[in-house]
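We name chains A, B, ... by the order of the sequence lines, and we start the count at 1 in each one.
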Amino acid sequence: MFLDFMSEVEGLLTAALDRCGLKVDEGVNHLALEFSPHADIASSVSFRLAPLLKKSPALIAKEIYQALPKERRHVDRAELVGPYINFFMSCSFLHMVLEQALADDCWTGRQRQNVIVEHTSANPDGPLHVGHIRNSVIGDTLVRILRRAGCTVDAQYYVNDMGRQEAMVVVGCDHFQLDGSKADHAIAKVYIAANKLMEESDEAKARIKAEADLVIRRYEAGDPQIEAKIKSAIRYAIGGIEETLHRMNIRHDSYHWESEFVRSGSVAEIVGDLEKTGLTEWEDGAYQLDLSAHGFEKKMVLRRADGTSLYITRDLAYHKWKAANSDRAVDILGADHKLVSGQLRAALRLLNIREPEVVIFEFVSLPTGSMSTRRGKFISADELLDQVEKQAFEEVSVRRPDESEDFRRDVARQVAVGAVRYDVVKVSADKATTFDWRQALDFEKLSAPFIQYSLARACSILRKGEETEATREAKHLDPGLLTGENEVALLKKIAEFDMVIDRAARELKPHQLATYARELAEAFNLFYRYSPVLDAPEDLRSARLALVRAAGNALRVTLETLGIPALETM
RNA sequence: GGGCGCGUGGCCUAGUCAGGAUAAGGCGGCAGCCUCCUAAGCUGUAGAUCGGGGGUUCGAAUCCCUCCGCGCCCGCCA
């Protein structure tokens, strides 16, 4: 929709520049297109040409303006305002938007790549906390955005089964009993307890560390007894983690365990490949890769002194596999992984393996400081969801006191999922945040319920409007009646959907969709407030009803792409 | 100490990558709107040295330099 309008504008401008014998350097946005309150899209390309032509921008803009081809489909008119050329959408374009938005096939884009998105990948040593879910929500939203853009996506969870953390879980299970709480929480308790044990004395610390080291060595060597222990602890923890993820509408398509890559020999193979670069050496007893030529002071350790592999070595093998099995590989990682992910990419570059696209998100901290599973200092995702759901239940009970408790519980659950997801996704990934209960429990304008509510309003109109409409014979729809300011603004906002998705999918910026969702809901609410539908004269009523259906589709698809339940009533 | 990221009204954020026409929202404050399709909504109002300073440019929240503040990292952890 909007992309069609934009490419026509690009075509017009390119043709006009050509006719004038003007050239602008190729590059991103070389036509200087920009969004503007003065136009549907504007170009300030005249400024770029002014220094070259030594003429005033206004004069250049005038020449270009006069050379614009007259045959147009989506562009109604262009206006010359000083140095700016403003383009406006035609009525027929808006009619096309309405018609397309009433159907199903305009909501999926034309990107056709196979994409692997790895997200969450939290160590199975405890429940997800409010920091982890930033990863999960950003990751899952990107999965949905990429699918919406037309890609085939495999969402993957990388299971760290060979690391020290997991060995500590096994040590914890040896010393303490798992209690009856939710699986991931029960695992966290023994893990925290084992870590506490280490603080008792130097002797205890050495003893526990030795136990963990032994677990690591035996597991890497393929000891079946240890393997059974680790796998069962991990499956148990992941079961709990999955339960939480499912509660938030998040699902992984496949799981890859790091041990896979050790057992298959691909870790050894990639270490061998790195050896051939001549940049590796045994130093201080460990096998290291020198990346100083690539801007990394720190050497990358590939093997411990005892020969066992490290996280980053195994990750290298995993990424080699990902590169071979996708067109794009996307990693969602916390800010603490900046350095290692940089080293990882540098090492892959050395081997001529396509690098992953890495989305880094900054930390979520508590008002009291940073979170830590090991120290038991965190707010779990389950606790957050429970609290938000409780608050939502109270609010829905105030608003819909006559509805059954089942209805209110159901709405509260869906509102809570949306509120939590939207709260996370609305903030740009490169902003560090502090978790705030008051904000998490606020369901007003800058939140998911605001958007869900707009859809519920649309659905309510449709329920009432279409039972009478259905009895009439199919009648001619005249979109030309939708000329009100709010109606046109709503149509234009609906049209933007494809561009927002396309851009978010290319730039991997899910918060752009969150911003769009809010704007779409605002546009609908203004229309709702000022353009009565059911009480309008017959023809206008039909046209507005169609607009409500179109806006409802846009809201529904937008919410689904954000992983937020699209409620028909609330 | 070095590397990366961030700094926008009292608070939270969009806009920064691709510099342009009056800095955009929310929360909180104040003042309004339910005989009218769900008021989780809508309207108005007050409130900003876009961290400070320099530079590039016709034009800088946006690009460059520098300083300050905050976060993350600099493990044979992940």
Side-chain angles (χ1 to χ4, degrees), chain A residues 27-30 32-39 42 44 47-48 50-51 56-57 81-84 86 121-123 125 160 162-166 168 258 284-288 295-298 301-308 310-312 314-315 334-340 342 360 362-363 365 370 392 395-396 398-400 415 419 426-434 436 438-439 442-454 456-465 507 509 511-512 514-515 518-519 521-522 525-526 528-536 544 548 569-570:
Chain A
V28 185
N29 200 20
H30 60 285
L33 293 176
E34 59 198 52
F35 299 100
S36 155
H38 311 282
S44 58
F47 286 106
R48 304 214 173 164
S56 83
V81 183
Y84 299 96
N86 295 334
S121 301
N123 291 330
D125 56 16
N160 303 134
M162 301 197 95
R164 182 161 295 279
Q165 276 79 351
E166 218 38 52
M168 284 299 285
E258 41 178 4
D284 304 325
Y287 199 53
Q288 312 202 15
F296 295 95
E297 241 181 90
K298 272 292 179 223
V301 178
L302 300 173
R303 281 196 190 285
R304 293 188 180 96
D306 65 7
T308 54
L310 283 104
Y311 167 84
I312 193 156
R314 303 184 290 258
D315 213 18
D336 51 342
H337 284 69
K338 274 185 221 178
L339 179 63
V340 260
I360 297 280
E362 293 292 327
F363 265 43
S365 55
S370 57
E395 303 221 12
V396 71
V398 169
R399 292 175 171 91
R400 307 293 294 272
V415 162
K426 73 182 177 189
V427 180
S428 152
D430 43 36
K431 223 91 154 187
T433 61
T434 304
D436 177 0
R438 197 182 62 91
Q439 215 170 301
D442 177 10
F443 300 146
E444 288 185 63
K445 200 167 184 176
L446 203 59
S447 72
F450 172 77
I451 303 153
Q452 291 172 307
Y453 184 64
S454 307
R457 281 176 142 184
C459 291
S460 173
I461 292 179
L462 293 175
R463 274 193 300 274
K464 291 180 174 149
E507 298 177 10
K509 300 254 170 88
H511 80 276
Q512 293 172 351
T515 302
R518 194 206 77 227
E519 290 169 355
E522 271 171 356
N525 281 325
L526 283 176
Y528 180 93
R529 166 73 178 76
Y530 293 105
S531 307
V533 178
L534 300 179
D535 292 337
R544 285 185 175 166
V548 172
T569 177
M570 63 186 277

If you find the nucleotide of RNA chain B closest to Asp535(A) and the one closest to Val81(A), which residue's nucleotide is nearer the 5' end?
-> Val81(A)
Donor-acceptor under 3.5 Å (Lys426(A) side chain, Leu446(A) main chain) = yes
Within the sub-3.5 Å range, which N or O atoms of nucleotides 56-65 of chain B have a protein N or O partner, and how far apart are they?
none

How is Tyr530(A) classified with respect to the nucleic acid when contacts are heavy atoms under 4.0 Å: base, sugar-phosphate, or nothing?
-> sugar-phosphate
What does Ala42(A) touch in the nucleic acid at a heavy-atom separation under 4.0 angstrom: a base, only the sugar-phosphate, or nothing?
-> base
Taking only side-chain nitrogens and oxygens of Asn525(A), does any of them come within less than 4.0 Å of OP1 or OP2 of G41(B)?
-> no
Figure out the CZ/C1' separation between Arg304(A) and A78(B), and round it to whole Å.
-> 10 Å
Of the options Arg438(A), Gln439(A), Glu444(A), Lys445(A), which is the one that meets Asp442(A) in a side chain to side chain contact (heavy atoms under 4.5 Å, CB included)?
-> Glu444(A)
According to a strict under-4.0 Å criterion, is Tyr311(A) in side-chain N/O contact with OP1 or OP2 of G75(B)?
-> no
Going by heavy atoms in the side chains, are Arg400(A) and Thr569(A) under 4.5 Å from each other?
-> yes
Could you tell me which residues satisfy side-chain hydrogen bond (donor to acceptor under 3.5 Å, both in side chains) with Arg303(A), sequence neighbours excluded, listed by chain and number?
-> none
Nearest 0.5 Å, what's the NE2-CZ distance between His30(A) and Arg48(A)?
-> 9.5 Å
side-chain contact (heavy atoms from CB on, under 4.5 Å) between Asp125(A) and Met168(A): does it pass, once the steps are laid out?
-> CA-CA 9 Å; Asp125(A) 56 16; Met168(A) 284 299 285; over 6 Å; no
So, does the side chain of Asp125(A) form a donor-acceptor pair with the base of A78(B) at under 3.5 Å?
-> no
Just checking Ala286(A): base, sugar-phosphate only, or nothing, at a heavy-atom cut-off of under 4.0 Å?
-> base
Please work out if Glu507(A) contacts a base, only the sugar-phosphate, or nothing of the nucleic acid, heavy-atom cut-off 4.0 Å.
-> base
Looking across every strand, which nucleic acid part, if any, lies under 4.0 Å from Leu534(A) by heavy atom: base, sugar-phosphate, or nothing?
-> base
When rounded to whole Å, the CD to C1' distance for the pair Gln512(A) and C17(B) reads 11 Å
Between Asp436(A) and Val415(A), whichever has its closest RNA chain B nucleotide further toward 5' is Asp436(A)
Atom pair distance, as rounded to whole Å: CZ in Phe363(A) and C1' in C72(B) = 6 Å
Dot-bracket for RNA chain B, 5' to 3', Watson-Crick and G-U pairs with both distances under 3.5 Å, [ ] for crossing pairs, | for partner on another strand, reads (((((((..((((......[...)))).(((((.......))))).....(((((..]....))))))))))))....
Pick base, sugar-phosphate or nothing for Leu526(A), based on heavy-atom distances below 4.0 Å to the nucleic acid.
-> sugar-phosphate
For C34(B), measure the glycosidic angle (O4'-C1'-N9-C4 for a purine, O4'-C1'-N1-C2 for a pyrimidine) and name it syn if it falls within 90° of 0, otherwise anti.
-> syn
Below 4.0 Å: OP1/OP2 of G41(B) and any side-chain N or O of Arg529(A) | no
Under 4.0 Å between any heavy atoms, over every strand shown, what does Val548(A) touch: base, sugar-phosphate, or nothing? Just pick one.
-> nothing
Which part of the nucleic acid, if any, lies within contact of Arg399(A), taking any heavy atom under 4.0 Å across all strands shown: a base, the sugar-phosphate backbone alone, or nothing?
-> base
Could you grab the distance from atom CG of Asn123(A) to atom CD of Gln165(A), nearest 0.5 Å is fine?
-> 5.0 Å
Select base, sugar-phosphate, or nothing to describe what Pro83(A) touches, counting heavy atoms under 4.0 Å on all strands.
-> nothing
Given atom NZ of Lys509(A) and atom P of A18(B), what is their separation to the nearest angstrom?
-> 11 Å
Considering only heavy atoms from C-beta outward, does the side chain of Val81(A) approach that of His38(A) to under 4.5 Å?
-> no
Tell me which nucleotide among U13(B), G75(B), A40(B) gets nearest to the side chain of Val396(A).
-> A40(B)
Rounded to whole angstrom units, what separation is found between the CD atom of Glu166(A) and the C1' atom of C77(B)?
-> 13 Å
Can you check whether any acceptor in the base of A21(B) is under 3.5 Å from a donor in the side chain of Ser36(A), or vice versa?
-> yes
Could you check how far OH of Tyr528(A) sits from P of G41(B), rounded to whole Å?
-> 12 Å
In whole angstroms, the gap separating C1' of C77(B) from CG of Asn160(A) amounts to 11 Å
With a 4.0 Å cut-off on heavy atoms, is Ser454(A) in touch with a base, just the backbone sugar-phosphate, or nothing at all?
-> nothing
With sugar-phosphate meaning primed atoms plus P, OP1 and OP2, does Ser531(A) contact a base, only sugar-phosphate, or nothing at under 4.0 Å between heavy atoms?
-> base
Can you tell me if the side-chain N/O atoms of His511(A) get under 4.0 Å from OP1 or OP2 in G15(B)?
-> yes
Is atom CG of Asp535(A) surrounded by more than 12 heavy atoms (other residues, nucleotides or ligands) closer than 6.0 Å?
-> no
From Ile461(A) CD1 over to Arg457(A) CZ, what is the distance, rounded to the nearest 0.5 angstrom?
-> 8.5 Å
At under 4.0 Å between heavy atoms, what does Phe450(A) touch on the DNA or RNA strands: base, sugar-phosphate, or nothing?
-> sugar-phosphate
Establish, from distance only, whether the side-chain atoms of Asn160(A) and Arg314(A) form a donor-acceptor pair under 3.5 Å.
-> no
Just call it for Gln439(A): base, sugar-phosphate, or nothing, with non-hydrogen atoms closer than 4.0 Å on any strand.
-> sugar-phosphate
Report the C-alpha separation of Val548(A) and Tyr528(A) in whole Å, then their side-chain angles, then the decisive distance to 0.1 Å, and conclude whether the side-chain contact (heavy atoms from CB on, under 4.5 Å) test is met.
-> CA-CA 9 Å; Val548(A) 172; Tyr528(A) 180 93; over 6 Å; no
Return the value, rounded to whole Å, for the distance between atom CD of Glu395(A) and atom P of A39(B).
-> 16 Å
Mind checking the CZ-CD1 spacing from Arg518(A) to Ile451(A)? Nearest 0.5 Å is all I need.
-> 9.0 Å
side-chain contact (heavy atoms from CB on, under 4.5 Å) partners of Thr308(A), counting only residues at least two apart = Arg217(A), Glu220(A), Arg304(A), Asp306(A)
Approximate separation, where rounding is to 0.5 Å, of Gln452(A) CD and Ser447(A) OG = 8.5 Å
At under 4.0 Å between heavy atoms, what does Gly342(A) touch on the DNA or RNA strands: base, sugar-phosphate, or nothing?
-> nothing
Grab the N/O contacts between the protein and nucleotides 3-8 of chain B below 3.5 Å, and write none if there aren't any.
| from | atom 1 | to | atom 2 | distance (Å) |
| --- | --- | --- | --- | --- |
| C4(B) | O2 | Lys338(A) | NZ | 3.0 |
| G5(B) | O4' | Lys338(A) | NZ | 3.4 |
| G5(B) | O2' | Glu362(A) | OE2 | 3.4 |
| G5(B) | O2' | Asp430(A) | O | 3.3 |
| G7(B) | OP1 | Lys431(A) | NZ | 2.8 |

Protein-proximity profile, nucleotides 25-30 of chain B, B/S/- by nucleotide at the 4.0 Å heavy-atom cutoff, equals BSS---
Can you tell me how far the NE2 atom of His511(A) sits from the CG atom of Asp430(A), to the nearest 0.5 Å?
-> 7.5 Å
Run the side-chain contact (heavy atoms from CB on, under 4.5 Å) check on Lys298(A) and Gln288(A) step by step: do they pass?
-> CA-CA 10 Å; Lys298(A) 272 292 179 223; Gln288(A) 312 202 15; over 6 Å; no
